[in-house]
Amino acid sequence: MATMPSTHDWINNPLGVVEDMFAGSQNNPYPGWEAGVVEFFKEHLTEKDAHTWVPSMNDVPLHYLKPDSLVKFRCLIQDMFDPEFYMRVYETVDPSSQAKVLRCGKYKDMTESGVDFNSKNIVTSERQTFYCVPVPGENSWVKDCYADVSQARVLPSTSYVPNRQKRSYEDDDMDGMDAQPQKQREPHAGLQIPLDQQGKGDAQRQETEAAPTRMASTSHLDLNFPLPNEKGPSCLMKVYEDWESFKLNDIIEVYGILSVSPALTALAEDKDAISSLIDASDSMETAEEQRVHSPPASLVPRLHMLFVKTLAQNNPLLPCGILQDNHAFLSSTLSEMASVRRDLHMYLTHILLGDSLAAEYLILHLVSSVYARRDVLPLGKFTLNLSGCPTSSSYTERLYQVIQQLVPSSFFLGMSLENMNQMHLVPKKDYVANRLVSGALQLAKNTSLFLDETQLEQGQLDTTGVHNVTALGNVISWQKVDYDFNYHQMEFPCNINVLVTSEGRSLLPSDCQLHLQHQVAPEHMDEYLRSIPIHLQTSSQFNKFRLYLGVARQLDYNISDEVTKSVEDDFVDMRKDDPQSISAEDLHRMLVVARLLSLSLGHTSLSRDIWLRAKHLEIQRSYRMEQHKTVNGNEL
């Protein structure tokens with residue numbers, strides 16, 4: 001367990017660290033004090049277990065967190081606003097003594113009172129603002145794992161007393177937001193002026209939803225979550241350095257200074273009253289833009305970034321950083337992968353109604369991931385279409401519940417006509433509010449998208465429905481989403497694992513189709529499904545599955561020249577008797593299956609034995625599909 005530094009209470013009072021370093025730079029001027037601040041927090045946060053002492057906005061409701069303290073937030077960058085200017089250094093004048101004091105404005109939203117705007121010592125700088133939301137579709141086991149390792153002891157910052165110290169947003173459900181006494185959230189004495197002076201970011205602040213005597217409700221504010229029914233905080237991330245290195249839809253874990261000053265809302269309300277008297281054409285921002293870019297700090301706090309980790313994945317069971325660099329962990333895990341795979345295969349065979357071959361292909365699908373792009377072609381994807389799924393007894397929903405227990409992030413999309421014609425899957429730019437309106441396909445990399453086509457009934461797709469189906473096809477075929485910018489489309493690459501369940505062949509493309517051959521008689525289906533253990537007896541067994549899948553997706557892979565020559569010879573031999581029996585597309589699929597089979601067994605290179613096993617799987621699958629086609633005509 002890490003010991004807390006005695007020099008600075010750097011978690012409860014990070015601004016004290018900043019101000020001490022700033023003051024020291026005035027006495028002994030040197031240009032690197034700002035880099036020293038970043039280095040200070042980086043060093044402390046990378047010490048063993050130190051990060052577990054920092055409270056997380058993902059686990060702890062906002063009104064429990066201490067204003068101006070150090071907090072962390074695991075999130076997705078949903079939007080990037082325009083840069084804003086702020087006063088990095090300013091000077092205040094004491095009205096009684098006329099003494100002048102230089103102040104640091106970095107990592108703050110508000111200045112102290114008595115700012116001398118005529119001072120030659122004012123230094124303005126630029127900072128970027130990201131709008132960040134919780135990782136879309138992050139499953140409850142992930143949130144629980146992250147919360148369980150936290151050693152932060154959070155006491156409520158108001159008189160509202162919780163039943164327990166640590167509550168997730170799912171448990172809290174924002175139920176304490178309006179119970180918080182307003183008197184506990186009074187502005188800090190002397191804070192008067194917003195530090196952002198110009199630019200479009202948060203330069204002008206307006207709030208119409210928040211009543212003056214109580215906190216606003218999230219129902220009155222669109223938090224722009226990509227997926228419906230999501231819970232948790234969103235925030236405006238203030239970024240001071242290297243903001244060009246971040247991309248839209250990145251998953252990051254940010255450590256920053258929490259700013260929830262009610263003075264921001266009070267100033268916004270004053271500005272709202274004034275702006276209502278001004279011609280809209282005279283304002284640089286529309287009312288909608290002010291509302292979106294300046295939401296109440298009580299609901300959308302500001303987080304001033306000090307340290308950030310870009311997450312390759314959000315599986316809490318995997319070590320941070322590059323997997324291959326953690327030799328001890330990798331060696332230990334690889335030695336167990338074959339046995340864990342056998343257990344997972346047995347479990348999935350039961351879930352898939354006794355179909356052992358389907359369980360093999362589902363494992364291959366779950367370990368697949370885009371690892372490179374060759375021109376426009378994404379390499380590594382493996383969209384699986386499981387046809388022949390029962391349409392009764394809510395089988396597809398039960399299968400999705402199993403997927404939820406195995407992967408960090410997922411989303412179930414029932415492809416009913418109503419959903420296809422009404423949902424907005426593609427993000428769209430709103431130029432009036434100057435923001436990107438999210439859509440259900442704005443997902444983090446490695447998210448599992450479960451498309452249930454068994455819900456699709458007869459009827460007509462309207463224009464929205466056609467666009468949605470086209471967007472899903474683009475994700476499957478090209479791993480991209482074309483965001484709608486009104487007058488043009490902007491292509492955003494993605495890495496979304498798509499599983500399609502259907503009764504017959506899916507209307508969507510896929511990399512592989514397998515018809516489910518269940519061993520359960522229709523009259524026993526309900527009873528069998530009720531017996532499926534959605535939750536295993538022990539979470540430790542499920543954690544083995546989760547760790548196994550996470551590691552398999554990150555392993556390196558290669559094919560030696562010798563095996564490549566062997567595969568080429570096999571392809572020639574298979575075409576000798578009947579050139580039509582196997583195509584280049586079939587060979588490509590076999591190579592993909594062989595790669596995923598190797599990774600699923602913990603092997604980083606293709607062996608002759610695994611190639612033969614992959615070829616056998618494909619022969620079994622093809623034979624089944626031919627049999628089904630013969631029995632059912634041209635359905636497939």
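Atom CG in N468 sits 5.5 Å away from atom CE in M420 (nearest 0.5 Å). Put simply, OH on Y64 and CE on M57 are 15.5 Å apart, with the number rounded to the nearest 0.5 Å. To the nearest 0.5 Å, atom CG of residue L508 and atom CD1 of residue I476 are 4.5 Å apart. In this structure, C235 SG and L299 CG are separated by 13.0 Å, a value rounded to the nearest 0.5 Å. To the nearest 0.5 Å, the span separating CD1 on I252 from NZ on K72 amounts to 14.5 Å. Considering CG of L330 and OG1 of T604, their distance stands at 8.5 Å, rounded to 0.5 Å.
A distance-only check finds no donor-acceptor pair linking the side chain of W243 to the backbone of T129 [under 3.5 Å]. Within the 3.5 Å criterion, the main-chain N or O of S69 finds no donor-acceptor partner in the side chain of N12. Although no hydrogens or angles enter the test, the distance criterion places no donor-acceptor pair under 3.5 Å between the side chain of S369 and the main chain of Y371. Panel note: side chain W141, backbone Q404; a donor-acceptor pair is recorded below 3.5 Å. For H365 (side chain) and F382 (main-chain N/O), a donor-acceptor pair under 3.5 Å exists by modelled atom type. The backbone N or O of M415 sits nowhere less than 3.5 Å from a side-chain atom of D452 that would complete a donor-acceptor pair. Side-chain atoms of Y361 come within 3.5 Å of backbone N or O of L617 as a donor-acceptor pair. Under a 3.5 Å cut-off, the side chain of Y548 and the backbone N or O of S600 do form a donor-acceptor pair. Listed for the Q78 side chain is a donor-acceptor partner under 3.5 Å among the backbone atoms of L436. Put simply, the side chain of S332 never gets that close to the backbone of A328: no donor and acceptor are under 3.5 Å apart.
Under 3.5 Å, the side chains of T52 and Q151 contain a donor-acceptor pair of N or O atoms. If you check the side chains of S387 and Q513, you find a donor sitting under 3.5 Å from an acceptor. Y400 and S410 share a side-chain donor-acceptor pair at under 3.5 Å. S605 and N558 share no donor-acceptor pair across their side chains, judged by distance under 3.5 Å alone.
Ion pair K381/D511 flagged as a salt bridge, since at least one NZ, NE, NH1 or NH2 atom sits closer than 4.0 Å to an Asp/Glu carboxylate oxygen. Using a 4.0 Å cut-off between charged side-chain N and carboxylate O, D148 and K143 make no salt bridge. With salt bridges taken as basic N to acidic carboxylate O contacts below 4.0 Å, none links D68 and K66.
Across L317 and R546, no two heavy atoms sit closer than the pair CD1-CB, 3.7 Å. Listed here is the closest heavy atom pair of D250 and S245: OD2-O, 4.4 Å. Across all their heavy atoms, I77 and Q442 have their closest contact at O-NE2, 4.3 Å. Of all heavy-atom pairs spanning I257 and P14, the tightest one is CG1-CG, 3.7 Å. The minimum heavy-atom distance between I251 and A444, with the atom names listed, is CD1-CB, 3.4 Å. The shortest heavy-atom contact between K445 and A312 is CE-O, 3.3 Å.
Checking each of N497, N315, N139, N314 against S409 for a side-chain hydrogen bond (donor to acceptor under 3.5 Å, both in side chains) leaves exactly one that passes, namely N314.
Residues V475 and C494 meet the side-chain proximity criterion, which asks for heavy atoms closer than 4.5 Å. Two residues are said to be in side-chain contact when any heavy atoms from C-beta on lie closer than 4.5 Å; T447 and N495 fail this criterion. With contacts defined as side-chain heavy-atom distances shorter than 4.5 Å, the pair M337/L601 does not qualify. Side-chain contact between L555 and L334 is present, with at least one heavy-atom pair separated by less than 4.5 Å. Counting heavy atoms from C-beta on, the side chains of D355 and T349 never come closer than 4.5 Å. Residues V402 and Q405 have side chains not in contact (no heavy-atom distance under 4.5 Å, counting atoms from C-beta outward). Under the 4.5 Å side-chain criterion, counting only non-hydrogen atoms from C-beta, Y395 is in contact with L352. Side-chain contact between R74 and E138 is present, with at least one heavy-atom pair separated by less than 4.5 Å.
Because its NZ or CZ atom is not both nearer than 6.0 Å to the ring centre of Y131 and within 45° of the ring axis, R435 does not count as a cation-pi partner of that residue.
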Would L227 and E230 count as a side chain to side chain contact (heavy atoms under 4.5 Å, CB included) here? Give the steps. CA-CA 6 Å; L227 299 180; E230 292 276 274; 3.7 Å; yes
Working for side chain to side chain contact (heavy atoms under 4.5 Å, CB included), residues L348 and L406: CA-CA 11 Å; L348 291 180; L406 295 173; 4.3 Å; yes
Residues L456, S416; criterion side chain to side chain contact (heavy atoms under 4.5 Å, CB included); working and verdict: CA-CA 4 Å; L456 191 59; S416 64; over 6 Å; no
Test log, rule salt bridge (charged side-chain N to carboxylate O under 4.0 Å, His left out), inputs E453 and R505: CA-CA 10 Å; E453 208 175 288; R505 185 186 185 95; over 6 Å; no
Run the numbers on D482 and K480 for salt bridge (charged side-chain N to carboxylate O under 4.0 Å, His left out), then give the verdict. CA-CA 7 Å; D482 294 325; K480 67 165 188 171; 3.6 Å; yes
Verify side chain to side chain contact (heavy atoms under 4.5 Å, CB included) between F246 and M80, making sure each step is shown before the conclusion. CA-CA 10 Å; F246 297 96; M80 295 178 166; 4.2 Å; yes
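Aromatic rings from F492 and Y483 are positioned such that their centres are separated by under 6.0 Å.
More than 12 heavy atoms of other residues, nucleotides or ligands lie within 6.0 Å of NE2 in H518, so this atom counts as buried by the packing criterion. Within 6.0 Å of the NZ atom in K428, the count of heavy atoms belonging to other residues, nucleotides or ligands does not exceed 12. More than 12 non-hydrogen atoms from other residues, nucleotides or ligands lie less than 6.0 angstrom from CD of Q519.
F307 and Y255 have tilted rings, their planes meeting at an angle from 30° to 60° on a 0 to 90° scale. Classification of the F450-F412 ring pair by plane angle, with boundaries at 30° and 60°, yields parallel.
Taking the salt bridge (charged side-chain N to carboxylate O under 4.0 Å, His left out) definition, one finds that K544 meets it with nothing, sequence neighbours left out.
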